[in-house]
Each structure stands twice: as C-alpha cells, then as structure tokens.
Amino acid sequence: MGKPAVVLLSGGLDSTTVLAMVRDQGYDAYALSFRYGQRHTVELEAASRVATAFGATRHVVADIDLRVFGGSALTDDIAVPKHNDAADVNTPDEIPSTYVPARNTIFLSFALAYAETVGATDIFLGVNALDYSGYPDCRPEYIAAYESMANLATKIGVEGARIKIHTPLMSMTKAEIVQAGLNIGVDYGLTSSCYDPDGQGRPCGHCDSCLLRLKGFADAGLADPLEYQSI
C-alpha cells in the first residue's frame with residue numbers, strides 16, 4: 001500500500017498527466033471527478049477510462065449542479081467561444097466565458113472532504129499558469145492561499161498533519177506536459193479535453209481547450225491521437 005493522495009480528475013490532458021505522475025511516484029490515487037452540469041459530460045467517460053488505466057484505488061464522481069447559478073458557457077445557454085488559432089486564446093485583460101464561477105474553490109472543498117475520509121494529506125490537481133485560458137483560480141497565489149485555508153479549516157490540519165496541494169504542471173508548457181505524460185506511459189487517446197464535443201464525443205478543434213491541446217502536441221512535434229470534427 002502506498003501513501004494515499006486525492007487527485008482531481010476531469011479526464012482531460014492535464015489531469016490525466018497528473019494522475020499518471022501520482023501513480024508513478026507510488027501513491028495510492030483516490031480520483032475525484034464532478035458531474036456539475038457541464039455540457040461536455042463526455043469527459044466523465046474519459047475520466048473513468050483513465051482511472052481504470054492507471055489503477056486508481058477508488059474513483060468517485062460527485063454530483064453538484066452548477067447550472068442553478070449558470071454564468072458560464074459550460075453550464076449555461078452561452079455559446080462556447082471558438083477561434084482558429086491558439087494565439088487568440090490568451091487575452092490577459094479578459095476572463096473567458098468558459099470560466100465557471102468559483103469552480104476550483106468548490107472542487108478543492110470536495111477534495112478536502114475526500115482527503116480527510118481516506119486519511120490523505122496530499123491533494124493533486126492539474127492547473128497550469130502558462131498555456132491556459134486565463135482563469136483566476138489556476139494561479140499559484142490562489143493555490144497557496146487555498147492551502148493555507150485548508151490547514152486552518154480541517155480536522156487533520158488542526159491536529160498537526162500538514163495538508164499539501166500539489167500542482168506539478170503549474171510552470172510547464174502544454175508541450176512539456178504532453179512529453180512528460182508520454183514518458184510515463186500516458187495514452188492521450190483515452191482523454192477528452194473539448195468544451196463543445198459533438199454527439200459522438202469528437203472534439204470541436206476550435207474551443208480554447210482544443211486549441212491549447214493541439215498547440216501542445218504540435219509544439220512537441222507530435223500528432224494528437226484524438227479524431228477531431230474539424231481543424
């Protein structure tokens with residue numbers, strides 16, 4: 001038995017790479033995914049495939065319906081923005097409509113509860129501050145602040161065990177993430193990253209997530225194994 005760790009697992013490229021890293025480091029991985037009212041629920045099928053492929057000790061899917069609030073292109077009747085080039089994705093003065101209000105704060109709260117029940121002091125997530133869409137809850141200062149709060153707000157933290165939130169991809173480019181995953185046996189054909197897939201689960205090729213993913217594979221000199229609707 002390895003040391004337990006909770007891993008937030010969306011089924012996308014980044015979280016899959018993190019799960020692979022966690023297992024490669026010898027942790028027992030307790031994977032946590034969310035059915036939160038997202039339009040791209042196909043990612044949960046990918047998360048299940050990934051959890052099985054990497055031998056997660058347990059994979060939990062928590063149901064929370066953020067559609068009651070809306071406010072995001074992922075949970076409301078708002079069109080998912082599409083572009084033709086990844087250079088159009090990062091606009092530092094504007095947070096995109098695919099931002100889900102407080103999503104990582106909500107997800108990490110569930111991860112804390114999960115960690116306490118399985119005796120884990122390590123929580124891993126695949127946030128990234130380089131090739132990403134500009135979400136405020138993906139920044140290193142946010143993670144540091146949340147970790148401080150977690151150690152004040154939990155039984156295990158108060159009793160002296162230090163909770164650590166790990167973000168191994170934080171300073172990596174998408175190309176570096178892809179290469180790191182391939183080096184430890186990740187099959188990215190199992191994953192799903194698209195915000196607006198079709199009825200067959202095929203990625204659109206033009207949302208922020210697709211474009212950043214495609215850029216990562218291209219920069220690494222590799223082809224994405226997924227079949228796209230159009231590129």
Side-chain angles (χ1 to χ4, degrees), residues 1-36 43 47-48 50-64 66 99-174 176-177 179-181 183-186:
M1 295 289 290
K3 187 179 180 183
V6 170
V7 183
L8 291 179
L9 179 66
S10 71
L13 184 149
D14 293 339
S15 67
T16 295
T17 305
V18 170
L19 177 60
M21 289 176 168
V22 167
R23 294 292 291 130
D24 189 60
Q25 293 169 25
Y27 287 92
D28 286 339
Y30 289 80
L32 176 59
S33 304
F34 294 89
R35 185 179 293 105
Y36 62 92
E43 70 177 4
S48 178
V50 168
T52 299
F54 284 98
T57 302
R58 186 183 180 197
H59 178 213
V60 171
V61 179
D63 286 287
I64 49 174
L66 297 183
Y99 164 70
V100 179
R103 182 175 62 178
N104 279 347
T105 301
I106 295 166
F107 286 3
L108 281 169
S109 295
F110 274 69
L112 277 179
Y114 195 16
E116 288 209 275
T117 62
V118 301
T121 56
D122 297 284
I123 296 171
F124 288 80
L125 71 161
V127 294
N128 175 266
L130 292 182
D131 289 338
Y132 80 124
S133 295
Y135 300 152
D137 54 2
C138 290
R139 298 174 297 164
E141 54 266 44
Y142 163 76
I143 297 299
Y146 198 98
E147 183 180 289
S148 296
M149 183 280 297
N151 282 287
L152 294 172
T154 55
K155 180 176 183 287
I156 55 176
V158 169
E159 290 180 345
R162 182 73 185 171
I163 297 168
K164 175 66 177 175
I165 299 178
H166 302 264
T167 56
L169 312 184
M170 182 64 79
S171 60
M172 297 172 67
T173 66
K174 198 69 79 176
E176 290 170 339
I177 293 167
Q179 194 59 64
N183 289 344
I184 52 176
V186 174

Legend entry - Tyr36 side chain near Val100 side chain, heavy-atom distance below 4.5 Å: yes

Legend entry - Donor-acceptor under 3.5 Å (Arg139 side chain, Ile143 main chain): no

Legend entry - Whether Asp28 side chain and Gly2 backbone form a donor-acceptor pair below 3.5 Å: yes

Legend entry - Glu176 side, atom CD; Asn183 side, atom CG - distance, nearest 0.5 Å: 11.5 Å

Inset, instruction - Could you tell me the separation between the CZ atom of Phe54 and the CD1 atom of Ile184, rounded to the nearest 0.5 Å? - result: 6.5 Å

Inset, instruction - Side-chain contact test, heavy atoms from C-beta onward, threshold under 4.5 Å: evaluate it for Val127 versus Asp137 and give yes or no. - result: no

Legend entry - Gap separating the CG atom of Leu8 from the OG atom of Ser15, nearest 0.5 angstrom: 8.5 Å

Inset, instruction - Would you mind reporting whether Val18 and Pro168 have side-chain heavy atoms less than 4.5 Å apart? - result: yes

Legend entry - Contact summary for Ala47 and Leu9, nearest pair of heavy atoms: O-CD2, 3.4 Å

Legend entry - Any His59 side-chain heavy atom under 4.5 Å of Thr52 side chain: no

Legend entry - Given Thr154, Asp122, Leu152, the one that forms side-chain contact (heavy atoms from CB on, under 4.5 Å) with Ile163: Thr154

Legend entry - Tyr142 (side chain) donor-acceptor with Thr105 (main chain) under 3.5 angstrom: yes

Legend entry - Distance-minimising heavy-atom pair for Gly55 and Arg23: O-NE, 3.4 Å

Inset, instruction - Output, in order, the C-alpha distance, side-chain angles, deciding distance and verdict of side chain to side chain contact (heavy atoms under 4.5 Å, CB included) for Ile64 and Phe110. - result: CA-CA 10 Å; Ile64 49 174; Phe110 274 69; 3.3 Å; yes

Inset, instruction - Would you kindly say whether Arg103 and Tyr135 are connected by a side-chain donor-acceptor distance under 3.5 Å? - result: no

Inset, instruction - Verify, without hydrogens or angle tests, whether Thr16 (side chain) and Leu13 (backbone) share a donor-acceptor contact under 3.5 angstrom. - result: no

Inset, instruction - Would you mind reporting whether Phe34 and Ile106 have side-chain heavy atoms less than 4.5 Å apart? - result: no

Inset, instruction - Calculate, to the nearest 0.5 Å, the distance between atoms CG and CG belonging to Leu19 and Leu125 respectively. - result: 13.0 Å

Inset, instruction - Could you tell me the separation between the CG atom of Leu112 and the OG1 atom of Thr117, rounded to the nearest 0.5 Å? - result: 11.0 Å

Legend entry - Pairing of Lys174 and Asp14 as salt bridge, 4.0 angstrom limit: yes

Legend entry - Side-chain H-bond candidate by donor/acceptor type, Tyr146 with Ser109, under 3.5 Å: yes

Legend entry - Sidechain-backbone polar pair: Glu116 side chain, Ile156 backbone, donor-acceptor under 3.5 Å: yes

Inset, instruction - Over all heavy atoms of both residues, which pair between Val22 and Ala5 is shortest? Give the atoms and the distance, please. - result: CG1-CB, 4.3 Å

Inset, instruction - For the pair Thr17 (side chain) and Gly181 (backbone), establish whether a donor and an acceptor sit closer than 3.5 Å, ignoring hydrogens and angles. - result: no

Legend entry - Side-chain donor-acceptor pair present, Asn151, Glu147, cut-off under 3.5 Å: no

Legend entry - Spatial distance of atom CG (Asn128) from atom CD1 (Ile177) [nearest 0.5 Å]: 4.5 Å

Inset, instruction - Can you label the angle between the Phe124 ring and the His166 ring as parallel, tilted or perpendicular, going by 30° and 60°? - result: parallel

Legend entry - Nearest heavy atoms of Ala129 and Pro140, plus distance in Å: CB-CD, 4.1 Å

Legend entry - Whether Ser33 side chain and Val61 backbone form a donor-acceptor pair below 3.5 Å: no

